[in-house]
Amino acid sequence: MAYPRTNRIGEEIKKLVSHLIRNELKDPRISNLTSVVEVDVTRDLRYANIYISVYGTKEEQENTIDGLIKATGFVRKEIGKNLKLRYTPEPIFKMDTSIEKGLYISRLINKVNEKTPEEVKDDTVK
């Protein structure tokens, strides 16, 4: 069940972390093509799962996550400074793979649609 307060706080954290990645973090491991897809804040406001999408190779994605994990303390300090909350949520960075999964499913659908009706019939008979 979604809670309006945690959703609002999640959106504020999303804006703030996006700004930090774009302008404040100077770690060379963090890719320029990094975006914050979603932020899920737990009900007790102790943890914030921050889903990151990186356009690039698998190595760039791993390096970006490593750089963000190393910057967790700085990110938490900035969240606490900018959001007036009793508890500052602990940021937990996770790679968002929903875009890759969507592309994979789209390719499978296109492959099925390219088959002729006879090929589809032959596949179902086997």
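Computation of the quantities below employed the complete heavy-atom set of this structure, encompassing side-chain atoms and omitting hydrogens, waters and symmetry-equivalent molecules.
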*In this structure, are over 12 heavy atoms from other groups packed under 6.0 Å from Asn82 atom CG?*
yes
*Decide if atom OH of Tyr55 counts as having more than 12 heavy atoms of other residues, nucleotides or ligands within a radius under 6.0 Å.*
no
Min side-chain heavy-atom separation [X]-[Y] under 4.5 Å:
X      : Y      : result
Ile52  : Val36  : yes
Arg107 : Leu103 : yes
Lys15  : His19  : no

Do any N or O atoms from the side chain of [X] and from the backbone of [Y] form a donor-acceptor pair under 3.5 angstrom?
X      : Y      : answer
Glu114 : Lys111 : no
Ser106 : Gly102 : no
Ser31  : Thr64  : no

State the [atom1]-[atom2] distance between [X] and [Y], to the nearest 0.5 angstrom.
X     : Y     : atom1 : atom2 : answer
Gln61 : Asp96 : CD    : CG    : 10.0 Å
Thr34 : Glu60 : OG1   : CD    : 9.0 Å
Thr57 : Asn63 : OG1   : CG    : 8.0 Å
Asp66 : Ile30 : CG    : CD1   : 10.0 Å
Arg46 : Leu85 : CZ    : CG    : 11.5 Å

*Under the criterion side chain to side chain contact (heavy atoms under 4.5 Å, CB included), which of Ile79, Val41, Leu83 is the partner of Glu12?*
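With Glu12 as partner, side chain to side chain contact (heavy atoms under 4.5 Å, CB included) holds for just one option, Leu83.
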*For Met95, which of Val37, Val54, Leu68 qualifies under side chain to side chain contact (heavy atoms under 4.5 Å, CB included)?*
Val54
According to a 4.5 Å side-chain heavy-atom criterion applied to Ile, Leu, Val, Met, Phe, Trp and Tyr, with indirect links allowed, do [X] and [Y] form part of one hydrophobic cluster?
X      : Y      : answer
Val39  : Ile69  : yes
Ile65  : Tyr51  : no
Ile21  : Phe74  : yes
Val112 : Tyr104 : no
Leu16  : Leu45  : yes

Shortest non-hydrogen separation from [X] to [Y] and the atoms involved:
X     : Y     : value
Ile13 : Pro89 : CD1-CG, 4.0 Å
Val75 : Pro91 : CG1-CG, 4.1 Å
Thr72 : Glu90 : CG2-OE2, 3.5 Å
Arg29 : Asp27 : NH2-OD2, 2.8 Å

*Could you tell me whether Glu11 and Arg8 make a salt bridge, using a distance below 4.0 angstrom between a side-chain N and a carboxylate O?*
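No, this pair does not count.
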